[in-house]
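Just so it is clear, the model here is predicted, and its values are computed rather than measured. Position 1 is the first residue of the sequence; numbering continues from there.
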Amino acid sequence: MLTAEQEAVLRSIRKLLDFWQISPDELGIEELETIVRKVEPPAAPAGPKYQHPRTGDTWNGEGSQPPWIREALTKEGYTVDELRLVTAPTPEQVS
């Protein structure tokens, strides 16, 4: 199993090979194509997880907190639960 860093490097290699239209055969490394093609591209963002009730600003919960959420939590008195978007239950959760 590859580490996250190794997967990131392989994604970069795949992008460079595609951009420069270089085949693994041209590099003289037959197994490179197999390795590069195994790595899945990163998943698309799942969408916003937090939303300000008044302004409608959203945040997906990844990376550093945007200024609006820091201000809502520290100056406006909102709680994390009040900013968290409610998602519809999946069929498994309903059963």
Side-chain angles (χ1 to χ4, degrees):
M1 178 154 284
L2 299 174
T3 66
E5 292 84 8
Q6 290 171 319
E7 289 178 3
V9 169
L10 289 175
R11 279 193 303 274
S12 297
I13 291 169
R14 185 178 60 220
K15 287 178 184 178
L16 287 169
L17 288 172
D18 289 342
F19 177 81
W20 292 106
Q21 298 176 349
I22 298 171
S23 72
D25 294 336
E26 291 175 299
L27 297 174
I29 305 173
E30 291 79 27
E31 69 273 2
L32 181 62
E33 184 172 1
T34 305
I35 294 170
V36 171
R37 299 297 171 209
K38 278 185 187 176
V39 177
E40 296 289 326
K49 293 180 182 177
Y50 302 93
Q51 184 174 27
H52 195 290
R54 266 189 311 107
T55 65
D57 290 330
T58 60
W59 179 47
N60 67 0
E62 296 182 19
S64 59
Q65 290 180 343
W68 72 262
I69 202 165
R70 282 194 302 272
E71 188 169 312
L73 293 170
T74 59
K75 295 181 182 175
E76 297 174 17
Y78 286 101
T79 65
V80 172
D81 287 334
E82 291 172 321
L83 300 175
R84 186 175 291 124
L85 284 173
V86 178
T87 58
T90 64
E92 296 93 27
Q93 293 172 330
V94 175
S95 299

### Query
Does R70 have any salt bridge (Lys or Arg N to Asp or Glu O under 4.0 Å) partners at least two apart in sequence or in another chain, and if so, which?
none
### Task
Taking side chain to side chain donor-acceptor pair (under 3.5 Å) as the test, write out the residues that go with T55, two or more places apart.
D57
#### Entry: Interatomic spacing from OH in Y78 to CD in E71 - rounded to 0.5 Å
11.0 Å
## Note on the structure
side-chain contact (heavy atoms from CB on, under 4.5 Å) filter on T3, not counting sequence neighbours, yields E5, Q6
### Message
Between D18 and K15, does any side-chain N to carboxylate O distance fall below 4.0 Å?
### Response
no
### Task
Decide yes or no for V80 and Y50: does some side-chain heavy atom of the first lie under 4.5 Å from some side-chain heavy atom of the second?
yes
## Note on the structure
The side chain to side chain donor-acceptor pair (under 3.5 Å) partners of E82 (sequence neighbours excluded) come to T79
### Query
Which heavy-atom pair separates P48 from T58 by the least distance, and what is that distance?
CB-CB, 3.5 Å
### Query
Going from CD1 on I69 to CD on Q51, what distance comes out if it is rounded to the nearest 0.5 angstrom?
11.0 Å
### Query
In chain order, what residues pass the side-chain contact (heavy atoms from CB on, under 4.5 Å) check against I22, with sequence neighbours excluded?
L17, W20, E26, L27
### Query
For L83 and A72, which heavy atoms make the closest approach, and how far apart are they?
CD1-CB, 4.0 Å
### Query
Any chain of hydrophobic side-chain contacts (each under 4.5 Å) joining W59 to L85?
no
